[in-house]
Amino acid sequence: MGARSGREFLAGLSRPRELWVGDDKVTDIASHPAFAGAADTLARIFDLQHQARDICLMPDPETGEPINVSHMIPRSLADLERRHACLQAIAEFTVGLMGRTPDYMNVTFAGFAGRADEWAINGNERGAANLVAYQKVLARKDLSLTHTIVHPTIDKAKGDVPEPGNEVALHKVADTAHGIVVRGARILATLAPFADEIAVYPAVPLLEGTDPYALSFCVPMDTPGLKFLCRDSCATAPNRFDHPLSGRFDEQDAFVIFDDVEVPRDRVFINANLVAYNTVMATGWYPNIMQQTMIRAQTKLEFAYGLASRMAEAINDYSPATRQMLGEIWTYAEFARAAIHSAEVEAFEYGNGVWFPNGGPLAALRAALPTWFPRVNEIITLIGSHNLLAAPTQAQLADPKLRPHIDKYLRGAGEMKSEERARIFRLAWDFVGSALASRNELYERFYLASGARNYQLANALAPKGRAGRLVDRILGEQPKAADLAADLERRKINLPKEIRR
C-alpha cells in the first residue's frame, strides 16, 4: 500500500470505535464538530508527504514501495539529517502546535525495531520479532498510531506505578488460544480520535512482583472492549480569521479503558516479562524520539517569536522592555536549534547498527522547555495586553455600519489596516488565551514529564568528568591524559535505567 493520501486517512477513521466526547458517543469522527477541523488538518499532513515527496518519502528497504521517511531506521548521520528535513516539514505545517502528529509514533517504532536486540532479552525473542514485524506493517499501511503509557493516578501517596493487586492499572488477566486478555486503564492517548491503532509500551520501571503489568502491544482502535473518554473539546468552528488555531489544531487527549480486551499473540511485544519491560526503554528510545519532538518544539518557539514580533509591529511598540522580551523568545528558539544541531552532529551508533542523536543536549532542552513555553505565553500576553481583548471578528469587520468605526479606532500603527491588526491579535489570543492555548500550555509542561523531574534526569545524565577536573585543578590536582580522553567518550550520553520519565 505505502504512503496514504489524506482521503485514504479519512476513510480509515470510518471504522467504528467506542469513543465519547462531551455528551456524545461519536459515530463519525471526520464530521463531528469536535474533531472535523483536526481531522482535516491531519488529512492534509498525509497529502503533504506526497506534495513534498522528495523530502518526506523514501522507498521501503524490502518492497520498494513509498513510505514516510519518519519510518526510517537511521543507520548513519546522513539518515538522521534526511529524517530531520521530513520532521521539520511536518512540524512547520502545524507551526509546532500538534505534538502528536503520526510521525511521532513512526519515529518511536522505527527506533524500537532498530534496537530489537534490546527487546529480545530475558526470553522475549518472540515479542521482539512481533515488534519488528509490526513496525513494517505500520510503515507499509501508513497507519496513524496513538499510544498510552501512563498509569492512572488514584492515590498519589502510593506512587506512580502499580503495586501488586492494583485493579485500576492495565494488567494481564488471562491467556487465550489466540493471545492474551488485558484489563484496566491508562492515560493519556493523545490523537486517539484520529488514530487507526493504539500502542502500549513501558514508561517508568515497575516494581518487583508486578509482572502482570509488564505489557507492550498494539491493537486497532475498534478492538472490542476498548473505550475512549475524550477531554472537553477545545475545537471551534473552522473560521481561519476568528479562530486560526482552535479551528484546526486540537489533537485531543483521551482516557483509555481496556475492558477485557483480547490482544492477538502476534501483536504482543512484552507479555508479563518484567525484566524486558524495565530494560527496553533504557537506551535507544530517548535520544531517538527527542529528535522529532524537539524539532517540533523549536518550530513552535520560532513561530512564537514571529508572532510576538508582528504584534509589536502592529502597535509600533519597540520599547526597551518589549525588545528585551522579543530577544528572550528568540534566545529560547536559538538554544533549541543549537541543541538539536549539537545532538545530531554528535550522533553515534547505539548498537545493532542503529544511529541516534547524542542524548545530552536533548536532555538539557527537555528540562528547560516546561518553563520556557509558559514564559513565552506570558511574554505574548504582556506585549498584547488589552489588545488581545479588542480584536473584532470577521463578521464585525463585514458589517457596513461597524466597519468605518473599526477602521478608525482599531487600525494598526503606520499603514497597517484594521483587518490585518485584527488577524494578528486574534491569532495571538488563540495562541495564549483560548481553551486550546490552555491545553497546549498544560501539554508543554507535562507531556515529557515535569521540568523538575527532567532537571533530575539532566543531572543523572550529565557527564561529571570535566566538571570534576576543573574543581580538582583549583584544589591542586593535575588532570591525567587518560581522563581527558575519557571525557570525550562520556559525551555520548545514554539514558540510565533508573530514570526514564
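Note that these values count all heavy atoms, side chains included, but never hydrogens, waters or copies made by symmetry. FYI, the numbering just counts along the sequence from 1.
- Applying the ring pair (Phe, Tyr, Trp, His ring centres under 6.0 Å) test to W372 and every residue at least two apart in sequence or in another chain returns Y332.
- Taking the charged nitrogens against the carboxylate oxygens, D196 and K141 have no contact shorter than 4.0 Å, which rules out a salt bridge.
- No side-chain N or O of T393 forms a donor-acceptor pair with one of D242 less than 3.5 Å apart.
- Under the salt bridge (Lys or Arg N to Asp or Glu O under 4.0 Å) criterion, E81 pairs with no residue at all, not counting sequence neighbours.
- Taking the ring pair (Phe, Tyr, Trp, His ring centres under 6.0 Å) definition, one finds that Y443 meets it with Y447, sequence neighbours left out.
- Among pairs with a residue in residues 70-111, those fulfilling ring pair (Phe, Tyr, Trp, His ring centres under 6.0 Å) read Y104-H147, F109-F112, F109-Y134, at least two apart in sequence or across chains.
- The cationic group of R323 does not satisfy the cation-pi geometry with Y318, failing either the under 6.0 Å distance to the six-membered ring centre or the 45° limit from the ring axis.
- Summarising the geometry, atom CD belonging to Q396 is positioned 11.0 Å from atom CD belonging to Q394; distances are rounded to the nearest 0.5 Å.
- A distance of 8.5 Å separates CG in N377 from CG in N440, rounded to the nearest 0.5 Å.
- In this structure N68 satisfies the side-chain hydrogen bond (donor to acceptor under 3.5 Å, both in side chains) test together with Q49, S70, sequence neighbours excluded.
- Here the side chain of D60 pairs no donor or acceptor atom with the backbone of E65 at under 3.5 angstrom.
- A distance-only check finds a donor-acceptor pair linking the side chain of R4 to the backbone of D142 [under 3.5 Å].
- Counting non-hydrogen atoms of other residues, nucleotides and ligands closer than 6.0 Å to CZ of R7 gives a total of 12 or fewer.
- Not a single donor-acceptor pair under 3.5 Å links the side chain of N352 to the backbone N or O of R115.
- Interatomic distance, N106 CG to Q135 CD, rounded to the nearest 0.5 Å: 8.5 Å.
- For E349, the side-chain hydrogen bond (donor to acceptor under 3.5 Å, both in side chains) test picks out no residue, with sequence neighbours left out.
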Subject >> CA sep, side-chain torsions, deciding dist, call: R421, I315, side chain to side chain contact (heavy atoms under 4.5 Å, CB included) >> reply: CA-CA 9 Å; R421 172 183 167 136; I315 55 177; 3.8 Å; yes
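- The minimum heavy-atom distance between A3 and L57, with the atom names listed, is CB-CD2, 3.6 Å.
- Checked by atom type, the side-chain pair S5/D47 shows no donor-acceptor distance below 3.5 Å.
- Partners of A314 under the side chain to side chain contact (heavy atoms under 4.5 Å, CB included) rule, at least two apart in sequence or in another chain, are M416, I424, F425.
- For the atom pair NZ (K464) and CG (N459), the distance works out to 5.0 Å, reported to the nearest 0.5 Å.
- Residue C218 is tested with V200, I198, L138, L145 for a side-chain contact (heavy atoms from CB on, under 4.5 Å); the sole match is L145.
- Of all the heavy atoms in P361 and A343, the pair that sits closest is CG-N, 3.9 Å.
- Atom NE2 of H341 sits in a sparse spot, with 12 or fewer heavy atoms from other residues, nucleotides or ligands closer than 6.0 Å.
- Once rounded to the nearest 0.5 Å, the distance linking CG of D54 with CZ of R82 reads 9.0 Å.
- Partners of F249 according to the ring pair (Phe, Tyr, Trp, His ring centres under 6.0 Å) rule, which considers only residues two or more places apart in sequence or in another chain, do not exist here.
- The CZ atom of R83 lies 9.0 Å from the CD atom of E344; values are rounded to the nearest 0.5 Å.
- With sequence neighbours excluded, the residues that form a side-chain hydrogen bond (donor to acceptor under 3.5 Å, both in side chains) with T322 are D317, S319.
- For H32, the ring pair (Phe, Tyr, Trp, His ring centres under 6.0 Å) partners are F35, not counting sequence neighbours.
- Within 6.0 Å of the CZ atom in R44, the count of heavy atoms belonging to other residues, nucleotides or ligands does not exceed 12.
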Only pairs under 3.5 Å count here: list side-chain donor-acceptor contacts from residues 300-313, not counting sequence neighbours, and write none if there are none.
residue : atom : partner : partner atom : Å
K300    : NZ   : E444    : OE2          : 2.9
E302    : OE2  : Q298    : NE2          : 2.8
S309    : OG   : Y305    : O            : 2.8

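- Remark: E378 engages R375 in a side-chain hydrogen bond (donor to acceptor under 3.5 Å, both in side chains) (not counting sequence neighbours).
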Subject >> Test side-chain hydrogen bond (donor to acceptor under 3.5 Å, both in side chains) applied to R366 and N454, step by step >> reply: CA-CA 7 Å; R366 175 181 173 180; N454 279 309; 2.6 Å; yes
